[in-house]
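Here's the structure we're looking at; comments come further down.
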Amino acid sequence: FPVSYFAYIQVASDSAFNVIVHEDTITAPNGVENICYTLNDLRSPGTYYWRVRQGGIPPAGAFNEPWKFTLSLPPLTIKIKAVPEAISGMNKFEPFEIKAYLRNACSPFEIIDSSVIISSDSSFTNTFIFNNAPSGKYYIVCKTINCIETFSRAGGDSLYKRYTENHYDFSTSITQAFGNNLTLTDSLYCLFSGDVDQDGAIDVNDLIDVYNSSV
């Protein structure tokens with residue numbers, strides 16, 4: 001190609017290019033490298049069509065036959081901070097399993113999707129991936145060993161499938177949990193520990209389980 005070669009690129013949502021959603025000029029100062037072009041402004045999933053034509057030194061070319069590509073949304077991801085009371089403030093602990101559920105924010109609050117990870121992060125911040133949940137309003141529910149199952153704040157939160165993570169932090173305020181169901185430990189609001197048998201309550205049965213395991 002000649003020095004200072006450039007080309008026009010068009011992207012459309014239809015093969016006839018009646019609806020142009022992106023167009024730009026691509027430059028190649030010395031005219032010899034392969035060109036990598038990144039699109040950052042497409043947000044809607046679907047099939048798109050693209051074509052290029054030569055500019056610069058005459059004669060300028062006609063547009064080539066179009067190619068197509070499909071854009072799909074990523075899964076819904078949430079970076080969640082949830083601190084179990086029993087290990088708050090610890091820098092070292094055994095990795096543990098933590099589950100997160102997305103429940104519909106409207107009655108009957110059915111489970112829409114779930115995700116499970118093994119946590120070893122001393123900041124207690126983990127990324128959960130929900131492959132099946134659409135964008136919507138949800139309660140985030142955290143459940144982990146020996147802790148009371150805990151719902152996010154009253155009313156739920158709007159969560160979106162997008163190219164950046166959603167965020168939720170249970171530790172910043174007691175109101176981050178439905179019914180203020182958190183306990184303040186080491187300046188963080190934590191999930192209540194002690195529900196050994198995972199029946200949703202911390203009671204004498206849990207005490208008996210701990211005693212029997214220790215003798």
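Residue numbers start at 1 and run along the sequence shown. The analysis underlying the following values was restricted to heavy atoms, covering all of them including side chains, and did not include hydrogens, waters or symmetry mates. What you are looking at is a predicted structure, and each value in this text was computed from that prediction instead of being measured.
If you take SG on Cys142 and CD1 on Ile98, they are separated by 4.5 Å, rounding to the nearest 0.5 Å. In this structure, CG in Leu182 is found 9.0 Å from OG1 in Thr172, a value given to the nearest 0.5 Å. In this structure, the separation between CD1 on Ile9 and CG on Leu39 is 6.0 Å, given to the nearest 0.5 Å. Separating the CG atom in Asn181 from the OG atom in Ser152 is a distance of 12.0 Å, to the nearest 0.5 Å. Summarising the geometry, atom CH2 belonging to Trp50 is positioned 12.0 Å from atom CZ belonging to Phe63; distances are rounded to the nearest 0.5 Å. Here the CG atom belonging to Asn104 is positioned 5.0 Å from the CD1 atom belonging to Ile112, to the nearest 0.5 angstrom.
Phe130 has its side chain within reach of Ile78: a pair of non-hydrogen atoms, C-beta onward, lies under 4.5 Å apart. Contact of the Thr175 side chain with the Asn180 side chain is registered, since non-hydrogen atoms from C-beta on lie closer than 4.5 Å. No side-chain heavy atom of Ile140 sits under 4.5 Å from any side-chain heavy atom of Phe128.
In the hydrophobic cluster analysis, where Ile, Leu, Val, Met, Phe, Trp and Tyr join through side-chain heavy atoms closer than 4.5 angstrom, Ile111 is grouped together with Phe151. Cluster annotation: Tyr101 is connected to Tyr139 through the hydrophobic network of ILVMFWY side chains, with a link wherever side-chain heavy atoms come within less than 4.5 Å. No continuous path of hydrophobic side-chain contacts links Phe96 to Ile148 [ILVMFWY only; heavy atoms under 4.5 Å]. At a threshold of 4.5 Å between side-chain heavy atoms, the hydrophobic network of Ile, Leu, Val, Met, Phe, Trp and Tyr places Ile117 and Tyr168 in one connected group. Put simply, Leu191 and Ile174 are part of the same group of oily side chains (I, L, V, M, F, W, Y) that touch within less than 4.5 Å, one to the next.
With sequence neighbours excluded, the residues satisfying side-chain hydrogen bond (donor to acceptor under 3.5 Å, both in side chains) with His22 are Tyr37, Asp41. Shown here are the salt bridge (charged side-chain N to carboxylate O under 4.0 Å, His left out) partners of Glu165, two or more places apart in sequence or in another chain: Lys79.
Between the side chain of Ser135 and the backbone N or O of Lys161, at least one donor-acceptor pair lies under 3.5 Å. Asn132 places no side-chain N or O within 3.5 Å of a backbone atom of Asp113 that could act as its donor or acceptor partner. In this structure, Glu85 contributes its side chain and Ser193 its backbone to a donor-acceptor pair below 3.5 Å. The main-chain N or O of Glu97 is found under 3.5 Å from a side-chain atom of Thr144 such that the two form a donor-acceptor pair. Within the 3.5 Å criterion, the main-chain N or O of Thr77 finds a donor-acceptor partner in the side chain of Asn166. For the pair Tyr49 (side chain) and Ser13 (backbone), a donor-acceptor distance under 3.5 Å is absent.
Within 6.0 Å of NZ in Lys99 there are 12 or fewer heavy atoms belonging to other residues, nucleotides or ligands. Annotation for Glu94: atom CD does not count as buried by contact number, only 12 or fewer foreign heavy atoms lying within 6.0 Å.
The only member of Thr47, Val19, Val21 that meets side-chain contact (heavy atoms from CB on, under 4.5 Å) when paired with Asp14 is Val19. Considering Phe170, Tyr189, Phe93 in turn, Phe93 is the only one that fulfils the ring-ring contact (aromatic ring centres under 6.0 Å, His included) rule with Phe124.
The two residues Ser88 and Asp186 come nearest to each other via the heavy atoms O-OD2, 3.1 Å.
The cationic group of Arg51 lies under 6.0 Å from the six-membered ring centre of Phe17 and within 45° of the ring axis, placing it in a cation-pi geometry.
With 3.5 Å as the limit, one finds no donor-acceptor pair spanning the side chains of Ser119 and Asp121.
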